[in-house]
Protein chains: 2
Amino acid sequence: MSATADPRHDTESPKQQAILTAAGELFMHQGYGATSMDAIARGAGVSKATLYAHFASKDVLFATIINQACLDNIVVGEFLPLDAPDLAAALTALGSRMLRFLLEDRALAIHRVVTAESMRFPELGRAFYDNGPRLFREVFGTWLARQQAAGRLAVPDPGIAADQFIGMLRTGVYQRATFGLQPPPTEAEIDATVAAAVSTFLKAYAAD
Amino acid sequence: MSATADPRHDTESPKQQAILTAAGELFMHQGYGATSMDAIARGAGVSKATLYAHFASKDVLFATIINQACLDNIVVGEFLPLDAPDLAAALTALGSRMLRFLLEDRALAIHRVVTAESMRFPELGRAFYDNGPRLFREVFGTWLARQQAAGRLAVPDPGIAADQFIGMLRTGVYQRATFGLQPPPTEAEIDATVAAAVSTFLKAYAAD
DNA sequence: GTCTATAGAAGGATAGAC
DNA sequence: GTCTATCCTTCTATAGAC
């Protein structure tokens with residue numbers, strides 16, 4: 001509403017925005033080591049000196065990019081299933097959205113980069129985990145507990161159950177996509193994975 | 001039996017062995033980009049010229065290391081459960097060995113490196129997948145089909161069921177370990193993950 | 001803030017002697 | 001095969017003018 005509507009504290013100059021965009025593209029698709037500051041400057045249409053006027057070092061720029069990507073790409077709300085009495089439909093919708101999200105180029109790229117550099121940049125692994133898997137586990141686990149309270153599920157450990165559901169999605173075609181293997185997953189494979197995960201999950205945890 | 005007992009075709013000189021050892025250690029723990037040929041030569045106690053006399057380029061050396069590691073570390077036999085009538089015990093033993101294997105430093109390191117470089121070295125992703133996940137899926141799927149033939153299981157799709165079992169292991173504590181997060185998994189957490197996977201799997205697929 | 005130009009270091013790869 | 005010494009490129013980062 002006000003003049004400074006953007007919640008991100010400071011004004012981002014066009015050049016800074018261009019740098020962030022170019023750096024994000026390059027770091028995501030080529031990794032930390034294979035991306036040079038020259039290439040980022042060229043991609044952003046600025047000089048290297050300008051680059052270093054905005055970001056003190058390559059490490060800082062990389063951490064900024066990855067941290068921001070971790071926050072941007074995890075929109076929990078989208079993955080929260082509705083409180084529908086039809087458990088199978090709710091889980092199928094959730095699983096379908098989640099697996100398709102994980103299979104997007106951008107999500108795969110972030111996962112690859114964070115995995116690759118998590119030893120040299122421990123805070124990145126932490127940021128990714130906390131904003132991604134951990135957050136989802138909490139939200140989904142809470143939802144499962146509520147279903148249990150409503151008498152629809154019998155879940156001894158909601159956290160473990162949430163992990164199992166996501167684990168059954170992140171396997172098979174997803175694992176293949178992680179390594180960039182051809183052919184890419186088909187819609188039918190994705191749907192079959194989701195349907196199988198929902199089926200197994202409900203056989204194990206449905207009330208009765 | 002013969003004088004040339006080693007199935008690997010050629011004699012490996014001590015220097016070559018030293019190079020492979022040093023390169024393996026460095027590539028695994030620092031990745032491709034952060035490992036220099038200087039560092040490998042230093043670690044192996046040879047000159048860089050000797051390095052290049054044995055391996056034409058950094059890429060070739062890297063591919064050699066990773067391909068060998070993929071073959072060395074996947075010993076399917078160890079993970080094949082016995083044909084016991086007690087399904088729960090067999091699956092628990094299998095899951096326990098598998099998850100503990102995946103959590104070893106060496107297995108985590110290979111997985112990280114292959115994930116990181118699979119876009120620039122597609123053949124590595126393929127080698128890892130074929131000798132690891134794909135092979136296990138086939139062997140385990142065949143075992144599941146045999147249990148079904150014996151009337152102990154009802155498995156509509158053995159391949160998907162195998163993926164689901166491994167997927168329920170490769171989540172939670174494993175995902176945390178992938179990003180090098182502290183604290184490391186406890187024995188109790190590992191056992192609980194395995195027990196939960198076996199329980200869910202059997203509730204979904206046990207015959208009756 | 002932004003540029004051009006460059007310093008200073010490190011990297012991959014090779015020449016030539018032994 | 002093995003070494004020492006070196007070439008050339010590329011990289012991160014900065015100096016200095018505007």
Side-chain angles (χ1 to χ4, degrees), chain A residues 4 6 8-67 113 116-117 119-121 123-124, chain B residues 4 6 8-67 113 116-117 119-121 123-124:
Chain A
T4 61
D6 191 355
R8 271 164 288 204
H9 36 54
D10 258 345
T11 311
E12 277 176 4
S13 71
K15 301 254 175 191
Q16 176 147 1
Q17 192 53 51
I19 292 171
L20 288 171
T21 302
E25 196 67 23
L26 289 168
F27 278 136
M28 294 294 182
H29 289 79
Q30 311 191 342
Y32 177 85
T35 300
S36 73
M37 295 295 262
D38 279 271
I40 295 171
R42 212 177 313 129
V46 304
S47 73
K48 263 199 297 182
T50 302
L51 207 56
Y52 280 95
H54 286 269
F55 299 95
S57 71
K58 184 181 179 183
D59 283 15
V60 168
L61 178 53
F62 181 68
T64 303
I65 291 290
I66 304 300
N67 273 312
V113 172
E117 304 298 340
M119 301 315 280
R120 255 192 309 165
F121 299 90
E123 79 275 11
L124 293 189
Chain B
T4 62
D6 191 358
R8 270 164 290 203
H9 37 55
D10 257 344
T11 310
E12 277 177 4
S13 70
K15 301 254 175 191
Q16 175 145 4
Q17 193 53 51
I19 291 171
L20 288 172
T21 303
E25 196 65 23
L26 289 168
F27 278 137
M28 293 294 182
H29 289 79
Q30 311 192 341
Y32 177 85
T35 300
S36 73
M37 294 296 261
D38 280 270
I40 295 171
R42 213 177 313 129
V46 303
S47 73
K48 260 201 295 185
T50 301
L51 206 56
Y52 280 96
H54 287 270
F55 300 95
S57 70
K58 185 182 179 181
D59 283 15
V60 168
L61 178 54
F62 181 68
T64 304
I65 291 290
I66 304 301
N67 273 312
V113 172
E117 304 298 337
M119 301 316 281
R120 253 192 310 168
F121 300 90
E123 80 274 11
L124 293 189

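Lettering follows sequence order; numbering is per chain, from 1.
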Qualifying salt bridge (charged side-chain N to carboxylate O under 4.0 Å, His left out) pairs with a residue from [range], counting only residues at least two apart or across chains:
{"range": "residues 26-37 of chain A", "answer": "none"}
{"range": "residues 15-28 of chain A", "answer": "none"}
{"range": "residues 52-61 of chain A", "answer": "none"}

**Item:** Residues in side chain to side chain contact (heavy atoms under 4.5 Å, CB included) contact with A:Ala34, at least two apart in sequence or another chain
**Value:** A:Gln30, B:Arg120
**Set of side chain to side chain contact (heavy atoms under 4.5 Å, CB included) partners for B:Thr21, sequence neighbours left out** = B:Gln17
**Item:** Residues which pass side chain to side chain donor-acceptor pair (under 3.5 Å) with B:Ser57, listed by chain and number, not counting sequence neighbours
**Value:** none
**Message:** Within residues 39-59 of chain B, which residues have any heavy atom lying less than 4.0 Å from an atom of DNA chain C?
**Reply:** B:Lys48, B:Ala49, B:Tyr52, B:Ser57, B:Lys58
**Request:** To the nearest Å, give me how far apart CG (B:Leu26) and P (C:dG11) are.
**Result:** 12 Å
**Non-hydrogen side-chain atoms of A:Phe27 and A:Val113 separated by less than 4.5 Å** = no
**Request:** With sequence neighbours left out, write down each residue that passes ring-ring contact (aromatic ring centres under 6.0 Å, His included) with B:Tyr32, or none if nothing qualifies.
**Result:** B:Phe62, B:Phe121
**Asked** Contacts to DNA chain D from residues 27-37 of chain B, heavy-atom cutoff under 4.0 Å, which residues?
**Response** none
Which pairs would a plain distance check flag for residues 36-46 of chain A, meaning a side-chain donor or acceptor within less than 3.5 Å of a matching protein atom at least two apart in sequence or in another chain?
residue : atom : partner : partner atom : Å
A:Ser36 : OG   : A:Ala39 : N            : 3.0
A:Asp38 : OD2  : A:Lys48 : NZ           : 3.3

**Asked** Atom OG1 of A:Thr64 and atom CD1 of A:Ile19: how far apart are they, to the nearest 0.5 Å?
**Response** 11.0 Å
**Fill in**
The first and last nucleotides of DNA chain D lying within contact of chain A, meaning any atom under 4.0 Å from one of its heavy atoms, run from D:dC11 to D:dA15
